[in-house]
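Working notes, structure below.
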Amino acid sequence: MRKLRKLVGLPTSDRRLLLKASTVLCVVRIGLWTLPFARVRRLLAKTASEGSQPNGGPSVDRVTWAVSTAARYVPRSSCLVQALTIKRLLAGLGHEAELHIGVAKDDKGHLEAHAWVEREGKILLGGLPDLSRYTPLPPLPAELH
């Protein structure tokens, strides 16, 4: 009940942004579950350019807040789901951001992967205390501008 009161107490613009972030998170999650990764990226790029609001709307910080908050309520919102979501939302607002995917081995030698998003040298989403242990994969072709 307290969370519902908190939601209702948010400004209308934040509630709309949270709803949009939740929707995109769900779509990305289902997309990654059912489609190849490259196809999901192409679809996100296409929808970002169609619904574009260049340099208008919420700030980068508010978008980051909305995705982080919504991810707590959308099941299986992995780092990749969150990274693709914030990249898509920022692209629709005309903001450049870089998606990074890195790999590392855990203590047992198993491969782990992690995704994060940076903008102007600052990690927006997916920062970990020891991000340096991940070896970044080569950049993916730019599909979300």
Side-chain angles (χ1 to χ4, degrees), residues 1-104 106 110-137 139-145:
M1 194 64 159
R2 189 178 72 168
K3 290 179 184 178
L4 183 60
R5 269 190 243 124
K6 204 172 184 181
L7 177 66
V8 171
L10 289 173
T12 303
S13 59
D14 281 351
R15 284 195 309 263
R16 282 190 189 128
L17 182 58
L18 205 49
L19 177 61
K20 187 171 188 171
S22 299
T23 302
V24 175
L25 272 167
C26 288
V27 168
V28 170
R29 174 64 188 106
I30 292 168
L32 288 174
W33 183 42
T34 59
L35 299 170
F37 179 69
R39 176 120 189 228
V40 171
R41 288 188 69 231
R42 280 193 305 275
L43 290 170
L44 290 172
K46 184 177 185 211
T47 62
S49 62
E50 288 174 355
S52 182
Q53 308 172 334
N55 298 317
S59 70
V60 172
D61 288 339
R62 288 319 284 167
V63 174
T64 303
W65 164 82
V67 173
S68 297
T69 301
R72 293 192 299 241
Y73 301 98
V74 176
R76 297 188 181 225
S77 291
S78 67
C79 57
L80 182 59
V81 171
Q82 292 177 54
L84 288 169
T85 298
I86 195 168
K87 178 102 168 116
R88 161 50 183 89
L89 292 174
L90 290 175
L93 294 168
H95 298 293
E96 292 284 329
E98 297 108 34
L99 171 68
H100 297 277
I101 300 174
V103 293
D106 66 13
H110 297 116
L111 191 65
E112 294 180 340
H114 183 62
W116 66 97
V117 174
E118 292 184 22
R119 175 173 161 73
E120 298 173 351
K122 176 185 170 194
I123 296 174
L124 300 178
L125 200 68
L128 294 174
D130 192 14
L131 200 54
S132 64
R133 76 184 199 88
Y134 289 91
T135 302
L137 297 175
L140 297 167
E143 291 182 0
L144 292 178
H145 295 283

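Since we're looking at a predicted model, the values are computed, not measured.
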Measure the spacing between [atom1] of [X] and [atom2] of [Y] and express it to the nearest 0.5 Å.
X	Y	atom1	atom2	result
R62	L18	CZ	CG	9.0 Å
L44	T85	CG	OG1	7.5 Å
L84	R29	CG	CZ	12.0 Å
D106	R133	CG	CZ	7.0 Å
E120	E98	CD	CD	9.0 Å

Checklist entry - Hey, which of L125, V117, I86 is the one that makes side chain to side chain contact (heavy atoms under 4.5 Å, CB included) with L99? => result V117
Does a side-chain heavy-atom distance below 4.5 Å link [X] with [Y]?
X	Y	result
D14	W65	yes
R119	K122	no
V81	R76	no

Checklist entry - Would you call the rings of H114 and Y134 parallel, tilted or perpendicular, where under 30° means parallel and over 60° means perpendicular? => result tilted
State, to 0.1 Å, how close [X] and [Y] come at their nearest heavy-atom pair, and which atoms those are.
X	Y	answer
L25	V67	CD1-O, 3.9 Å
C79	A115	SG-N, 3.3 Å
L93	P58	CD1-O, 3.7 Å
I101	W116	C-CZ3, 4.2 Å

Checklist entry - Looking only at atom types and distance, does a side-chain atom of Q82 sit under 3.5 Å from a main-chain N or O of S68, one as donor and one as acceptor? => result no
